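Everything quoted here is computed from the prediction, not taken from an experiment.
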Amino acid sequence: KFVVEGESGGNVGIGTATPAATLDVLHASDPQIRLTQATGFTAAHVELEATDGGQLNIASTSFGSAMGTLRLNNNDVKFDNAGNASVSVTDTAHNAAGKPLALGAGKPTSGTTADIAGGALTLAGGQSKGSGLGGDVIVQTSAAAVSGTGLNNLVTKMIVKEDGKVGIGTAGPDRTLDVLHASDPQLRLTQADGSVFTDLQTDSNGGIIVSTTGQNSVLKSDTARVDI
């Protein structure tokens with residue numbers, strides 16, 4: 001059950017008589033290590049298991065709670081009993097701004113070799129089967145509101161639906177790109193930031209309004225133009 005090898009540098013084996021590392025814990029079917037917060041089987045604990053496929057399973061169990069948390073440098077990876085997962089930066093104090101979270105694809109290191117590409121970053125909704133709908137990709141933000149101490153609600157600002165339709169300002173896009181705003185222009189085309197641009201707006205009557213920063217609105221094609 002337990003062995004300390006004297007001739008191999010003091011390797012310790014638990015469940016094995018031939019430890020291959022400083023500490024080698026072997027069990028073929030159960031987790032090899034349990035870290036327990038309190039006495040008793042039902043206490044909150046974390047189990048570490050090396051599988052026969054060479055994977056590391058980390059099971060975080062808090063009895064009486066639906067959420068287990070793996071904390072890395074005070075940042076949380078959370079899994080609930082239904083298999084849902086989230087990655088979040090730890091909340092700050094009530095008087096401190098939240099911390100950023102960055103996702104980045106791989107990049108080459110600096111060196112003498114030129115012209116090496118970086119890795120792609122893929123955001124993917126869950127795959128479906130048969131006639132089932134695939135998962136959407138959703139972007140939510142929390143806009144500023146009136147002064148207060150409560151958290152502002154998260155609102156969906158952009159969505160890529162499973163059929164490829166993209167919605168901005170709407171969670172139910174009806175065309176390949178659907179931009180919704182009830183009162184402001186839905187699209188701005190800018191030539192110089194903040195000073196030279198054209199706004200396109202669909203009004204409440206279904207009409208289109210073209211507003212420009214120039215003196216005239218000009219609709220042009222390869223062979224003709226219309227000045228307004």
CA sep, side-chain torsions, deciding dist, call: V210, T198, side chain to side chain contact (heavy atoms under 4.5 Å, CB included): CA-CA 7 Å; V210 180; T198 299; 3.8 Å; yes
Polar side-chain atom of Q127 near backbone of G134 as donor-acceptor pair, under 3.5 Å: no
Sidechain-backbone polar pair: T202 side chain, G206 backbone, donor-acceptor under 3.5 Å: no
Partner of T213 under side chain to side chain contact (heavy atoms under 4.5 Å, CB included), chosen from V196, D199, T190: V196
Approximate separation, where rounding is to 0.5 Å, of T170 OG1 and D178 CG: 5.5 Å
Worked verdict on V179 versus L187 for side chain to side chain contact (heavy atoms under 4.5 Å, CB included): CA-CA 8 Å; V179 184; L187 179 63; 5.8 Å; no
Test log, rule side chain to side chain contact (heavy atoms under 4.5 Å, CB included), inputs E49 and L56: CA-CA 6 Å; E49 178 184 11; L56 174 64; 5.9 Å; no
4.5 Å side-chain heavy-atom contact, R175 and P173: no
Single-linkage hydrophobic cluster I168~V155, side-chain heavy atoms < 4.5 angstrom: no
Closest approach of A105 to A120 (non-hydrogen atoms, all atoms of both residues): CB-O, 3.4 Å
L177 with V160, same ILVMFWY side-chain cluster at under 4.5 Å: yes
Those residues that, when tested against T18, pass side-chain contact (heavy atoms from CB on, under 4.5 Å) (two or more places apart): T16
side-chain hydrogen bond (donor to acceptor under 3.5 Å, both in side chains) contacts touching residues 143-157 (sequence neighbours left out): Q140-T156, T141-K157
pair I14-L23: side-chain heavy atoms closer than 4.5 Å: yes
Any donor-acceptor N/O pair, E162 side chain to G125 backbone, under 3.5 Å: no
Residues forming a side-chain hydrogen bond (donor to acceptor under 3.5 Å, both in side chains) with D203, sequence neighbours excluded: none
Side chain to side chain contact (heavy atoms under 4.5 Å, CB included) assessment of L154 paired with S142: CA-CA 5 Å; L154 288 170; S142 176; 3.9 Å; yes
Verify same cluster id: L200, F197 (apolar side-chain graph, 4.5 Å): no
For N205, all residues meeting side-chain hydrogen bond (donor to acceptor under 3.5 Å, both in side chains), sequence neighbours excluded: none
Nearest-0.5 Å distance that lies between atom NZ in K99 and atom CG in D91: 12.0 Å
Any donor-acceptor pair under 3.5 Å from Q32 side chain to A50 backbone: yes
Reported CD-to-OG1 distance for the pair Q191 and T212, which is rounded to 0.5 angstrom: 12.5 Å
Euclidean distance, L103 CG relative to L123 CG, rounded to 0.5 Å: 7.0 Å
Donor-acceptor under 3.5 Å (D163 side chain, K165 main chain): yes
Partners passing side-chain contact (heavy atoms from CB on, under 4.5 Å) against I116 (at least two apart in sequence or in another chain): P108, T113
Residue D184 excluded, over 12 heavy atoms near CG under 6.0 Å: yes
Reported CD1-to-CD distance for the pair I209 and Q186, which is rounded to 0.5 angstrom: 9.0 Å
Residues in side-chain contact (heavy atoms from CB on, under 4.5 Å) contact with V139, at least two apart in sequence or another chain: M158
N95, CG atom: more than 12 neighbouring heavy atoms under 6.0 Å: yes
